[in-house]
Amino acid sequence: MTTDASKAPAPAPSPARHFIHDLIDADIKANRWGLGTDLATREGICIHTRFPPEPNGYLHVGHAKSICLNFAIAQAYKGKFNLRFDDTNPSKEDQEYVDAIKDDVRWLLSAFNAGDYETGPHAGGIFWASDYFQFMFDRAVELVKKGKAYVCQLTGDEVSKRRGTPSVPATSPFRDRSITESLTLLEEMRAGKHQNGAMTLRAKIDLASPNFNLRDPVLYRIVHESHHNTGSTWCIYPMYDWAHGFEDSLEKITHSICTLEFENHRPLYDWFIAAVNEGRTDDGSGPYGKKIHHPQQIEFAKLRPTYTVLSKRNLLRMVQDATVRGWDDPRMPTIRGLRRRGYTPESLRTFVESVGVTKVESSIDVGRMENALREHLNKAAPRAMGVLNPLKVVIENWPEGKVDNLDFVINPEDPAAGKRTVPFTREIYIERDDFMEVPTPKFHRLAPGAEVRLRWAYFLTCTSVIKNAAGEITELRATIDPATRGGDSPTGPDGQPTKKVKGTIHWVSAQHSFPAEVRLFDRLFTAEEPGLRTGNWLDDLNPKSLTTVTARLEAALKDAPIGQRYQLERLGYFIVDQDTKPGAMVLNRIVTLKDDLAAAAKGEKKPANIRMYSLAEAAHELKIKQDKLLAVITHGGPSDFATREKKELTLDEVRKLKEWVKANPLPR
RNA sequence: UGGGGAUUGGUGUAACGGUAGCACGACUGACUCUGACUCAGUUAGUCUAGGUUCAAAUCCUAGAUCCCCAGCCA
């Protein structure tokens, strides 16, 4: 029982080509940056990616996509991958986050079996934007000298007011001040002679640009604050746009992959590097020296899972409000939360790779994340038995005190995992849900007089039901068929089983099993897109996202170490939580097994291919106004719509209406 | 109002002028000592309107819708 799920082979990820591969292939073909086409023997520059988090929060599943994407590219092209902390804003950043990020990235990258950012063939290393502060400052001075930057003494409010509109240019009265004056003020800024906000260094680009990022963006702002890495060396800090390209450039990053919202920043990214390179030469001759490396920024759509919020602000809010028990609460979409929940790095990797890489902003069914996890754990997790809601069964034809040690298959998916021994006794517990006093037609588990198989043990027939004064079932009496030891029906002369049972249920020995706290998690939100309905994402919080029960687990689990994963048969996958103390085990349910029956019974199983439209959505789809839509439905429309008062329409109905509207154009 | 992106089954994603394919989901069924897993089958799509072409998801024109941008955040 020591098989560690995380050591089992990961499901082979599909090669999954995407548009970034096309771009990189083109760069290689064009011998851009001297990449050459034979990557294995490249000298100097190679395909080099990076993951650049700001250490101002915990990583979440969205970041996991970026990390895997960047690392997978480095691996595919025999290149390198850097972890770089984009620590340019001391007022928001903290060492606590630095440590957590390092640890989470390393954990996730273990899914690649190719080392991480510090070890292995693709290890580029760990870097800090703050190590480049001097370089950035020198380049800023250079820009001022080239007449491409100036010190602006407008306050933040004034800058906002003068920002202009798409058709009205921005203004700054300091734009045309002399180079010497700007140089002096810049030195003063650096020397700490000015208060926060007193002035900034701005690039001189285009105050009338329709792209606001180019309306003389700020390069440096004054922040009198200690930095976790550089201490009090600096009191001016570079802005993201100014800093990021240089970070990439200095690390010889070839492809700087970021999310869609930075698309509008790419002209600026390119402008800054071009501005520095102006006057520079390939061989270093001339006043400014050698050209600096110019990486290619590429944007992709971030991951947006349903039933989830990912913004740092909202996650922080839940932690502060104690909606959850911290950043590593198993319900959180943070990497730390998912780790504690029991997710494997392999399953996270297959999940983020399976959703693809595009520029289309789409949301992903969280169910896919759960499926990737089931897929991995099915192959990897040893099986065990536990009962979440115990119901005692006394086997009347089993002698008191007799113990039968039975063989159990540890993992049917993995014969190498072998077998284990489980004791069978006169008193056992079964799952309360596996018994119905008055069974429904399709219920093929235990009922009075019915026979089921106890997994790997004996066929069991319920003989009587014992209730308390309140009429609640407290105990069952039953008998077993001794001829079915091991769970197999005896075979007749023809070699066929002499009897069949439809149901197999799990059980534990009352005497040998032990109680444990089991935490059952549900989604944190009840709406696919939290906040869509009311405008406030908190309105969609799921009040029942955590349920705690006292279960009974088979004895073999008693010494399971923290972090060990199991499949409790028929119930789901579970992991030993870090809250476990000697003699007091705590289990997290990672995810349930798929259960068509339960889903259908709870009415949760609405066919996914019947999309429901609200009237507003349908009206939008039909490109008509909502009141017109109502008129169409109740008066003019297809006859079978005339009498309905439903507030929702199915996809098919919307299609029907669409056809109708097409054939019967509405007046204006 | 200006600029930058995007639009293919229910969902996600291919097709790079030449048979609209794959995965997930859903639905049927088979198998089963986990109502799991596995296997087989079914289902369903190119935002709209024009145009070019022997041929258009792909090229052209016009439009629609959604997302991003006016932090001294990243």
Side-chain angles (χ1 to χ4, degrees), chain A residues 14 16-18 22 52-54 56 86 88-89 91-92 152 154-156 159-160 162-168 170 196-202 209-215 217-223 236-237 239-241 243-244 258-267 299 301 306 312 354-365 367-368 371-372 374-375 378-379 383 385 409 412-413 442-445 453-457 486-489 501-506 567-572 592-598 600 605-612 620-621 623 651:
Chain A
S14 53
R17 271 193 66 87
H18 47 72
D22 295 339
E54 185 191 12
N56 70 344
D86 203 5
T88 56
N89 187 354
S91 53
K92 290 187 166 183
C152 177
L154 253 21
T155 66
V159 173
S160 290
R162 290 166 172 264
R163 185 82 52 191
T165 67
S167 54
V168 179
N196 288 357
M199 56 189 73
T200 58
L201 182 70
R202 296 175 72 178
S209 174
N211 180 348
F212 278 74
N213 294 311
L214 297 176
R215 314 253 268 217
V218 171
L219 271 44
Y220 273 101
R221 77 283 212 186
I222 300 169
V223 182
I236 57 172
Y237 291 91
M239 297 290 288
Y240 167 84
D241 285 308
H244 206 85
C258 59
T259 46
L260 246 31
E261 66 266 33
F262 291 101
E263 217 155 14
N264 292 332
H265 294 245
R266 180 150 36 94
E299 309 85 15
T306 52
K312 281 176 184 171
S354 77
V355 305
V357 181
T358 66
K359 300 187 76 140
V360 187
E361 290 173 306
S362 48
S363 60
I364 305 294
D365 186 348
R368 293 180 61 164
N371 281 341
R374 288 188 183 105
E375 206 178 311
N378 177 48
K379 295 272 182 293
R383 313 285 129 120
M385 289 206 293
V409 173
E413 303 284 328
K442 294 219 170 157
F443 185 83
H444 50 257
R445 286 165 278 167
R453 175 189 292 112
L454 292 175
R455 179 84 162 150
W456 302 123
D488 290 312
S489 164
V501 289
K502 273 203 222 146
T504 300
I505 65 173
H506 56 276
Q567 184 198 106
L568 292 188
E569 295 210 41
R570 305 213 302 131
L571 295 175
T592 59
L593 254 33
K594 253 203 250 171
D595 186 353
D596 292 338
L597 190 80
K605 196 173 152 186
K606 69 164 190 224
N609 57 354
I610 298 195
R611 179 169 167 192
M612 298 302 289
H620 175 253
E621 193 75 7
K623 300 181 181 16
L651 175 67

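Because only heavy atoms are used, hydrogens play no part in the values below, and waters and symmetry mates are left out as well, while side chains stay in. Letters A, B, ... mirror the listed sequences (proteins, then strands); counts begin at 1.
In terms of position on RNA chain B, the residue among D488(A) and P166(A) whose nearest nucleotide sits closer to the 5' end is P166(A). Position along RNA chain B of the nearest nucleotide to V355(A) versus T200(A) favours V355(A) as the more 5'-ward residue.
The separation between E263(A) atom CD and G4(B) atom P is 11 Å, rounded to whole Å. Rounding to whole angstrom units, CZ of residue F443(A) and P of G35(B) are separated by 11 Å. Spacing between atom CG of L568(A) and atom P of A36(B) amounts to 18 Å, rounded to whole angstrom units. Rounded to whole Å, the distance from CG on L214(A) to P on G3(B) is 14 Å. G71(B) atom P lies 13 Å from atom CG of N211(A), rounded to whole Å. The separation between N213(A) atom CG and G5(B) atom P is 13 Å, rounded to whole Å. The interatomic distance linking R215(A) (CZ) with G4(B) (C1') rounds to 14 Å, in whole Å.
Considering only side-chain N and O atoms, K594(A) lies under 4.0 angstrom from the phosphate OP1 or OP2 of G25(B). One finds a side-chain N or O of R570(A) lying less than 4.0 angstrom from the OP1 or OP2 phosphate oxygen of G35(B). One finds no side-chain N or O of T504(A) lying less than 4.0 angstrom from the OP1 or OP2 phosphate oxygen of U34(B). One finds a side-chain N or O of S160(A) lying less than 4.0 angstrom from the OP1 or OP2 phosphate oxygen of G71(B). For N371(A), a side-chain nitrogen or oxygen approaches OP1 or OP2 of G25(B) to under 4.0 Å. Close to A74(B), at under 4.0 Å from its OP1 or OP2, lies a side-chain N or O of R221(A). Regarding contacts with the backbone of C72(B), a side-chain N or O of R163(A) is found under 4.0 angstrom from either OP1 or OP2. Remark: T88(A) is in phosphate contact with A74(B), judged by side-chain N or O atoms under 4.0 Å from OP1 or OP2.
Of the nucleotides present, U11(B) is the one that pairs with A23(B) by Watson-Crick or G-U wobble criteria, both distances under 3.5 Å. Pair assignment for G2(B) gives C69(B), based on Watson-Crick or G-U wobble hydrogen-bonding distances that are each under 3.5 Å. G45(B) is unpaired under the criterion used here, namely a Watson-Crick or G-U wobble arrangement in which both key atom distances are under 3.5 Å. Remark: U38(B) base-pairs with A30(B); criterion is Watson-Crick or G-U wobble with both hydrogen-bond distances under 3.5 Å. Pairing for G50(B) goes to C60(B), judged as Watson-Crick or G-U wobble with the two contacts each under 3.5 Å. Under the Watson-Crick or G-U wobble criterion, with both distances below 3.5 Å, C16(B) is left unpaired in every strand shown. The base-pairing partner of A74(B), taking Watson-Crick or G-U wobble contacts with both distances under 3.5 Å, does not exist among the strands shown.
Look at the P atom in both A70(B) and A62(B): the space between them is 29 Å, to the nearest Å. Across the P atoms, G9(B) and A44(B) are found 14 Å apart, a figure rounded to whole Å. Atom name P, nucleotides C54(B) and A15(B): the rounded distance is 27 Å, in whole Å. Rounded to the nearest Å, the gap between the C1' atom of G71(B) and that of U65(B) is 29 Å. Spacing between A57(B) and A23(B) at atom P, rounded to whole Å, works out to 23 Å. Nucleotides G45(B) and G12(B) are separated by 13 Å at their C1' atoms, to the nearest Å. Between C59(B) and U53(B), the two C1' atoms lie 9 Å apart (nearest whole Å). Here the separation of A49(B) from U42(B), taken at their C1' atoms, is 35 Å to the nearest Å.
Between R266(A) and E299(A), at least one side-chain N (NZ, or NE/NH1/NH2) sits under 4.0 Å from a carboxylate O, which counts as a salt bridge.
The side chain of E413(A) approaches C37(B) more closely than any other nucleotide in the set C37(B), U13(B), G2(B). Nearest nucleotide to the M239(A) side chain, out of A74(B), C69(B), G35(B): A74(B).
Glycosidic torsion of G10(B) falls outside 90° of 0, placing the base in anti.
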Query raised in the report: Could you go step by step and tell me if N371(A) and R374(A) meet the side chain to side chain donor-acceptor pair (under 3.5 Å) rule?
Result: CA-CA 5 Å; N371(A) 281 341; R374(A) 288 188 183 105; 2.9 Å; yes
**Report entry** Evaluation steps, salt bridge (Lys or Arg N to Asp or Glu O under 4.0 Å), between D595(A) and R570(A)
**Finding:** CA-CA 9 Å; D595(A) 186 353; R570(A) 305 213 302 131; over 6 Å; no
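For C68(B), the base has a donor-acceptor partner in the side chain of N264(A) [N/O atoms by modelled type, under 3.5 angstrom]. With hydrogens and angles ignored, no donor-acceptor pair under 3.5 angstrom links the side chain of N196(A) to the base of C72(B). Evaluation of atom-type donor-acceptor distances gives no pair under 3.5 Å for the side chain of R266(A) against the base of G4(B).
At a threshold of 4.5 Å between non-hydrogen side-chain atoms, the residues W456(A) and R383(A) do not count as touching. Side chains of M239(A) and T200(A) form no contact here, defined as non-hydrogen atoms less than 4.5 Å apart. Between F212(A) and P166(A) the shortest side-chain heavy-atom distance falls below 4.5 Å.
F262(A) comes within 4.0 angstrom of a base, heavy atoms only. Within 4.0 Å (heavy atoms only), L593(A) reaches at least one base atom of the nucleic acid.
At most 12 non-hydrogen atoms from other residues, nucleotides or ligands lie less than 6.0 angstrom from NZ of K502(A).
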